[in-house]
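Input: a single structure, listed below in structure tokens.
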Amino acid sequence: MSQPSTENYDAIIVGSGPGGASVARELARRGLRVLVLEQGSAAPLQGTLSQMAGIAAVPGKGAFIHRDASLLVSGVAAGGTSTINFATAAPPPLAMFAAHDIDLAPMLASLRAELPMGPLPDDLIGPMAKRIGQGAEARKLGWRKLDKLIRPQICRTGCWRCVYGCPFGAKWTARDFLDEAIQLGATLIDQAKAERVIVENGRATGVCYRRDGEMRQALGANVVLAGGGIGSPRLLHRSGLHAESSAFFSDPVIAVMGVVDDIDGGAEVPMAAGMYLHEEGIALADMTLPKPMYQAFAAQVGRFDRLMSHAQTLTLMVKIRDDIGGAIGPRWVDKTLTAGDRAKLATGVGMAREILRAAGARKIFKSWHFAAHPGGSLRIGDAVDSNLQTTTRNLFVCDASVIPESWGLPPTLTLLCLGTRLGTDLSA
Ligand SMILES: Cc1cc2nc3c(=O)[nH]c(=O)nc-3n(C[C@H](O)[C@H](O)[C@H](O)COP(=O)(O)OP(=O)(O)OC[C@H]3O[C@@H](n4cnc5c(N)ncnc54)[C@H](O)[C@@H]3O)c2cc1C
């Protein structure tokens with residue numbers, strides 16, 4: 001038996017990552033009564049390995065292992081995956097959304113004016129990113145600083161804690177929007193897992209969720225699923241409103257690493273600079289990660305001889321726009337690379353090797369592929385319409401699931417635009 005809700009909300013939002021937090025904030029700004037249900041914890045970020053592992057490395061929760069032994073990672077916490085992401089802001093693919101009559105340009109303009117977003121000043125770019133940049137420039141590649149959602153006045157030289165969840169408030173996360181929504185009157189219930197959408201007469205009227213082992217109910221005029229590329233299709237399926245499995249994209253990544261003799265580093269913000277080959281769907285960037293993550297890459301491919309070389313190892317990320325495929329099911333997530341995906345990765349790895357060699361690196365090796373951008377599992381034009389509404393009235397999806405095509409670039413800023421737009425529409 002579930003406990004009935006005492007309050008009737010204007011909107012119930014499931015999930016508090018960039019998609020959910022931006023809808024919540026926009027609705028709260030306009031005075032609507034908002035409830036956010038988040039299965040993860042809202043405990044303050046500490047920037048520790050143990051907290052990050054709880055957010056993103058629990059098998060079947062934040063971490064999903066495919067049959068080919070590759071790993072897919074996402075975050076389970078208030079703020080969603082943004083708590084542990086690399087804070088890179090890529091401009092949204094406006095044309096991709098315009099093809100569905102969605103104009104994200106006005107939201108992008110207002111978010112640009114508001115967010116702490118821009119390239120890092122030189123003093124916050126670490127020696128490894130600088131050396132990789134020199135290698136790329138020597139090869140005459142169009143390497144440039146990437147926009148970061150980081151407050152440079154708070155960020156510290158020689159710090160890498162943003163990767164585990166910045167405890168200093170230097171990295172923007174969806175918690176910033178969530179906090180604003182709460183200050184404006186929204187309610188956040190953390191450690192509350194939505195189990196089912198309540199539907200009456202073809203219209204969503206609430207959500208059944210589990211907290212402290214008890215089933216409860218919340219009722220609302222609108223329900224917005226923002227559980228991320230994996231969470232939302234699963235919840236729709238559990239509610240009997242979607243097929244058992246959904247194909248998806250995940251932007252697979254390979255880390256390419258090489259050792260240099262004259263740097264003693266390893267503590268810096270990853271993805272300070274990079275390049276994107278749009279036609280080819282290949283992105284490259286520096287990716288210096290904390291020692292345990294580097295060691296996991298080396299151990300995974302049997303390079304035990306390299307476990308202690310973290311402070312001298314330059315790491316490049318090769319990320320591709322993969323084909324939509326595989327399956328997100330009720331209890332599994334699985335995807336194998338297509339021949340086209342493998343060819344893109346091989347091209348990118350070849351370029352990364354060249355850059356590393358030009359940067360003076362030796363003993364170059366690569367990791368197995370992994371991924372961190374599950375999306376496209378409830379695509380606009382397929383599972384939802386241009387208003388992000390499902391075939392069930394008053395039931396919307398607003399997260400990486402709705403991205404209509406695989407894109408290959410970091411999606412956070414795009415999701416903030418989509419969430420701001422949906423919040424505006426729902427309060428009209
Ligand atoms: C290591 C790493 C680095 C990254 N770097 C970048 C980067 O530099 N730039 C960038 O733009 N992107 C980056 N990303 C990806 C980016 O963070 C995500 O694409 C983005 O956060 C997705 O937002 P979302 O709103 O779709 O879902 P998420 O941020 O995943 O949030 C979904 C939330 O919903 C909750 N939830 C799910 N199901 C339920 C349920 N049934 N009940 C209650 N709650 C539920 C989850 O716990 C989660 O907190 C990175 C990702 C990783 C893993």
Side-chain angles (χ1 to χ4, degrees), residues 12-24 36-42 52 55-58 61-63 71-92 117 146-150 162-165 171-175 177-178 188-197 207-211 224-236 238-239 249-251 253 269-272 274 283 285 287 289 293 317 319 370-378 397-403 407 409-416 418-419:
I12 301 171
I13 299 166
V14 176
S16 62
S22 49
V23 185
V36 180
L37 299 172
E38 167 56 55
Q39 65 180 344
S41 164
M52 185 278 284
I55 292 174
V58 177
K61 246 182 134 194
L71 181 69
L72 176 63
V73 186
S74 63
V76 174
T81 311
S82 71
T83 53
I84 48 112
N85 79 8
F86 296 168
T88 305
M117 186 165 79
L146 301 173
D147 279 344
K148 306 295 286 183
L149 287 161
I150 286 181
C162 50
V163 176
Y164 287 170
K171 180 172 90 168
W172 181 95
T173 73
R175 286 186 178 200
F177 278 13
L178 204 53
L188 166 69
I189 307 183
D190 73 344
Q191 300 180 69
K193 182 174 181 197
E195 296 289 357
R196 190 170 59 80
V197 178
V207 174
C208 287
Y209 65 97
R210 187 179 297 278
R211 191 168 200 266
V224 179
L225 305 189
I230 297 171
S232 288
R234 281 186 162 173
L235 180 53
L236 266 191
R238 279 203 301 277
S239 307
F249 62 76
S250 62
D251 299 350
V253 172
V269 175
M271 293 184 80
M287 190 176 66
L289 291 178
M293 294 170 94
M317 156 203 286
K319 179 157 56 197
F370 58 98
H373 296 171
S377 43
L378 297 169
V397 183
C398 185
D399 56 29
S401 317
V402 304
I403 298 176
W407 178 42
L409 285 179
T412 298
L413 183 55
T414 300
L415 302 178
L416 298 183
L418 276 177

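Numbering of ligands and ligand atoms starts at 1, following listing order.
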Of the side chain and backbone of [X], name the one, both, or neither that has a heavy atom under 4.0 Å from an atom of ligand 1.
{"X": "Ala77", "result": "backbone"}
{"X": "His373", "result": "side chain"}
{"X": "Ala226", "result": "backbone"}
{"X": "Ala174", "result": "neither"}
{"X": "Met293", "result": "neither"}

Which atoms of ligand 1 are found less than 4.0 Å from any heavy atom of [X]?
{"X": "Gly19", "result": "25 (O)"}
{"X": "Thr412", "result": "10 (C), 11 (O), 12 (N), 16 (C), 17 (O)"}
{"X": "Gly80", "result": "29 (O), 31 (O), 48 (C), 49 (O)"}
{"X": "Asp399", "result": "24 (P), 25 (O), 26 (O)"}
{"X": "Ala400", "result": "26 (O)"}
{"X": "Leu37", "result": "43 (C), 44 (N)"}
{"X": "Val73", "result": "53 (C)"}
{"X": "Ser82", "result": "17 (O), 21 (O)"}

On a heavy-atom basis, I'd like to know which of [options] is closest to [atom].
{"atom": "atom 36 (N) of ligand 1", "options": "Arg238, Gln39, Met271, Arg211", "answer": "Gln39"}
{"atom": "atom 52 (C) of ligand 1", "options": "Pro410, Gly375, Ala372", "answer": "Ala372"}
{"atom": "atom 48 (C) of ligand 1", "options": "Gly15, Gly17, Gly40, Gly75", "answer": "Gly75"}

Quick one: does [X] get an N or O within less than 3.5 Å of an N or O on ligand 1?
{"X": "Gly229", "value": "no"}
{"X": "Phe86", "value": "yes"}
{"X": "Ser74", "value": "no"}
{"X": "Val14", "value": "no"}

Inset, instruction - Consider ligand 1: state whether an atom of it lies below 4.0 angstrom from any non-hydrogen atom of Ala192. - result: yes
Legend entry - Whether Arg210 lies under 4.0 Å from ligand 1, heavy atom: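 Contact absent.
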Legend entry - Protein contact of atom 6 (C) of ligand 1 - nearest heavy atom, named by residue and atom, plus distance: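 Here the closest protein heavy atom is Asn85 CB, 3.5 Å.
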Inset, instruction - Among all protein heavy atoms, pick out the one at the shortest distance from atom 22 (C) of ligand 1; state its residue, atom name and that distance to 0.1 Å. - result: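 Atom 22 (C) of ligand 1 sits closest to the protein heavy atom Leu415 CD1, 3.6 Å.
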Inset, instruction - Check Thr88, Asn85, Asp147 against Pro410 for a side chain to side chain contact (heavy atoms under 4.5 Å, CB included) and give me the one that passes. - result: Thr88
Inset, instruction - For the pair Asp190 (side chain) and Glu38 (backbone), establish whether a donor and an acceptor sit closer than 3.5 Å, ignoring hydrogens and angles. - result: no
